[in-house]
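Working notes, structure below.
Treat the numbers as computed from the prediction; the structure is a model and nothing was measured.
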Amino acid sequence: MTALSAGQVFVLAALCHAGAQPTASRTRLPRNSVDAVHEESQLISMAVRTAKSCVLLQDGSPAAADVLQNFLASPHHLSIQLGDMLSLLQETGDFPDFRRGLNEESSVVVMVFSSVNVVRKFVEAKTVSWITCPLLLLSLSLEEDSRDILKEVNAVARSSLLEPHLSRGLPSFCLFTYHPFASSAESIILQACSSRIVFSWDKLFPERFGNFERYQLQVASWIDDFPFLFYDSEGTAAGLCKNMLDEIAEQLNFTYQLQETPPDGYWGDLVNGTWLGMAGQVVYAEKDLLINSFGILLDRYHAMDLSVPYTIDSFKATLKIPPPPPRWLAVVYPFQGAVWACAVVTLLVLTFAFHIIIRKEHSSVYDHESDLISTALWLLRTVLKQSVARVPNVVGCRPVLYLWWLGALVLSTSYTGSLIAFLTVPSEASRITSLEELAKAPNELSLYDYGDFIVNFLKTSEEPIYRALGEKLRLYPSYDPIAVDMEQGHAFVEAAFYSKYLVIKWQMKDVYVIEEGIYPNYYGWGFRKHTPWKKNFDKYISRIQETGLLERWHRTLVEDYRRSQGLPPVQISPEEDALRPLSLEDTQGSFIAAALGLGSATVVFFVEILSVVVKRKGTN
């Protein structure tokens, strides 16, 4: 964010006397050491009175040392860490010891200085990113104007400056803070500051970003991200993120400008150490924030500030529903091939064995002469639920027959029940239900490569299943050929929310989504690193999510979009549409079985007639 002029520094405390100008005089005056040191140390006590911990940094000047010594000599209840800015400048790295124990709700950092140049060098060398709590700058110099330092510590959400000024020849302290979005060029004098005036925490560290003064934020966006950000039927930007941004803009009083697509056509990926797409626009300070569906990942967390999560999603694979088995297979469908084979083999073996037993004993249970075909047909009577007139009086054959009849009864009953179920209940072919099955299946994976992390993740993952999916991944420059490939059995990989939108857009009804997701993660918004007003956005994002507005908006957006595509607002589940009258297609298997039976009977009939004719001719 561009730093503004010194005139945009707001004065939150005025002189002790109304109407006095704090910048009226900067001439050197002798310090009353006892009174001045006591007053300044009491100002520190006022700033930290409600805190539980405090970091005190001084510039090494004698005046700063005297003030801190006087403050430390007074009774206090908080945990204190001390530091010398000049000494810390000689050290490398940041301040892990100082950072430990700091809490933005109950801590405060105080910098006491006589030379603003020391503070400026310290801030430039060490930055203020380690300060997550309020920051108080206490100037002890009557000669220097320290207000510009507030712009250099602007990354701290709550920061204030106590600076001495002359009022009618007497020194007095004024409290300043810096408002980067202020439109006024004049300083505002509100109230004087002294140890005798008790300031509340909010007055001492005022909210600097509660009003953006109609400032226009530049938003990194891609308006093709249903249901988060997209063009509606009227060509207007809409979506969950648009609704959220509108609500926050109304509360914080700012405007914004969306972009249709990122210039490089990338979503936001780290390639060879360089951030591309919308993420790159935020990381390299081209845009203020990113509002699309943006996964909260570790590398993104280190490169930018991420908001609190507002929803969760994952990449999922969508496939066409395999066609059900043809109804004409109803005759053989109730049993698998292995069952049919076992039944036929059992019948053949039993036919030979039973025929041998019957012939050896010269016993017949048939109306005519026994042979293999007659024996097989006689044994098959039970399978077809026909009664047996008499049992052969042959030793040892009855146990065999009883076991066969029991097995035939089970087979016939199972066949009938399965056939009825097949004809009356809609049947489905087996589907892929997990990522492991998808990795082993011959189906290829189709993905539109728009520069998101998922491509590199699948191709470089150490997880065998993800690596197998990455090896069969085929990338496309657009979504159009993907819809064609899905007809050939390809699996389409996309974020779950957006894949449902594409299915509605393509008006595909015969598809299903594998429930197991690829890399489930939370979604949030992206901000420039060390954005001090991110916490204000976090507050409203959390409120919107907790009140259920997101869920309501999402439902409404989906219903409106389905209507725009000529579909009913709510999709009817297959279970609700399962009960229906049986059609000819459902029952065609029974007619086919009847036709096969009649055909076989006709062939046998003509064979019998032919055999009778041949026998008669032979006798004559």
Mind listing the side-chain donor-acceptor pairs of residues 268-281 below 3.5 Å, one per line with the distance, residues two or more places apart or on another chain?
{"from": "D269", "atom 1": "OD2", "to": "N456", "atom 2": "ND2", "distance (Å)": "3.0"}
{"from": "Q281", "atom 1": "OE1", "to": "Q259", "atom 2": "NE2", "distance (Å)": "2.6"}
{"from": "Q281", "atom 1": "NE2", "to": "Q259", "atom 2": "OE1", "distance (Å)": "3.1"}

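For R158 and E207, the salt-bridge test passes: some basic side-chain N is under 4.0 Å from an acidic carboxylate O. Electrostatic pairing of K535 and D538 does not count as a salt bridge here, judged by no charged N lying under 4.0 Å from a carboxylate O. Salt bridge R563/D232: absent, no basic N to carboxylate O contact under 4.0 Å.
With rounding to the nearest 0.5 angstrom, the CZ atom of R467 is 11.0 Å from the CZ atom of F457. With rounding to the nearest 0.5 Å, the separation of CD1 in I454 from CG in L458 is 4.0 Å. Summarising the geometry, atom CD belonging to E213 is positioned 6.5 Å from atom CG belonging to N253; distances are rounded to the nearest 0.5 Å. In this structure, F497 CZ and S314 OG are separated by 9.0 Å, a value rounded to the nearest 0.5 Å. Rounding to the nearest 0.5 angstrom, the gap separating the OG atom in S221 from the CZ atom in F294 is 13.0 Å. Within the model, atoms CH2 of W405 and CG of L409 stand 12.0 Å from one another, a figure rounded to the nearest 0.5 Å.
Ring-plane geometry between F228 and Y523 is classed as perpendicular, the angle between the planes exceeding 60 degrees on a 0 to 90 degree scale with a lower cut at 30.
With sequence neighbours excluded, the residues that form a salt bridge (Lys or Arg N to Asp or Glu O under 4.0 Å) with K440 are E436. Under the ring-ring contact (aromatic ring centres under 6.0 Å, His included) criterion, Y479 pairs with Y448, Y498, sequence neighbours left out.
Between the side chain of D452 and the main chain of W267, no donor-acceptor pair closer than 3.5 Å is present. Judged purely by atom type and a 3.5 angstrom limit, T547 uses its side chain to pair as donor or acceptor with the backbone of I544. Between the side chain of R562 and the main chain of P568, a donor-acceptor pair closer than 3.5 Å is present. For the pair R208 (side chain) and A157 (backbone), a donor-acceptor distance under 3.5 Å is present. Distance alone, capped at 3.5 Å, places no donor-acceptor pair between the K509 side chain and the V503 backbone.
Residue F537 comes nearest to L217 through the heavy atom pair CZ-CD1, 3.9 Å, listed as atom of the first residue, atom of the second, then distance. For the residue pair H554 and L240, the shortest heavy atom distance occurs at N-CD2, 3.5 Å. Residues F209 and L252 share a closest heavy-atom pair of O-CD2, 3.8 Å.
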| Could you walk me through whether I482 and H490 pass the side-chain contact (heavy atoms from CB on, under 4.5 Å) check? | CA-CA 8 Å; I482 293 178; H490 288 208; over 6 Å; no
| request: Might you work through the salt bridge (Lys or Arg N to Asp or Glu O under 4.0 Å) test for D480 and K505, ending with a clear yes or no? | output: CA-CA 11 Å; D480 294 334; K505 179 180 178 181; over 6 Å; no
| field | Y466 vs T460, side-chain contact (heavy atoms from CB on, under 4.5 Å): CA-CA, chis, key distance, verdict | value | CA-CA 9 Å; Y466 287 160; T460 61; over 6 Å; no
| task | Using the side-chain contact (heavy atoms from CB on, under 4.5 Å) rule, take V383 and Y415 through it: C-alpha gap first, then chi angles, then the decisive distance, then the call. | result | CA-CA 10 Å; V383 178; Y415 178 85; over 6 Å; no
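The ring of F181 has its center no closer than 6.0 angstrom to the ring center of F254. In summary, the aromatic rings of W506 and F492 are positioned with their centroids under 6.0 Å apart. Proximity of the aromatic rings of Y519 and F315 is defined here by a centroid distance below 6.0 angstrom, and this criterion is not met.
Counting heavy-atom neighbours within 6.0 Å of F527 CZ, excluding the residue itself, gives a total above 12. Counted within 6.0 Å of OH on Y231, heavy atoms from surrounding residues, nucleotides or ligands total more than 12; the atom is thus considered enclosed.
In this structure, K500 is not positioned above the aromatic face of Y512 in the sense of NZ or CZ being under 6.0 Å from the six-membered ring centre and within 45° of the axis.
In this model, a donor atom of one side chain and an acceptor atom of the other lie less than 3.5 Å apart for E494 and Y450.
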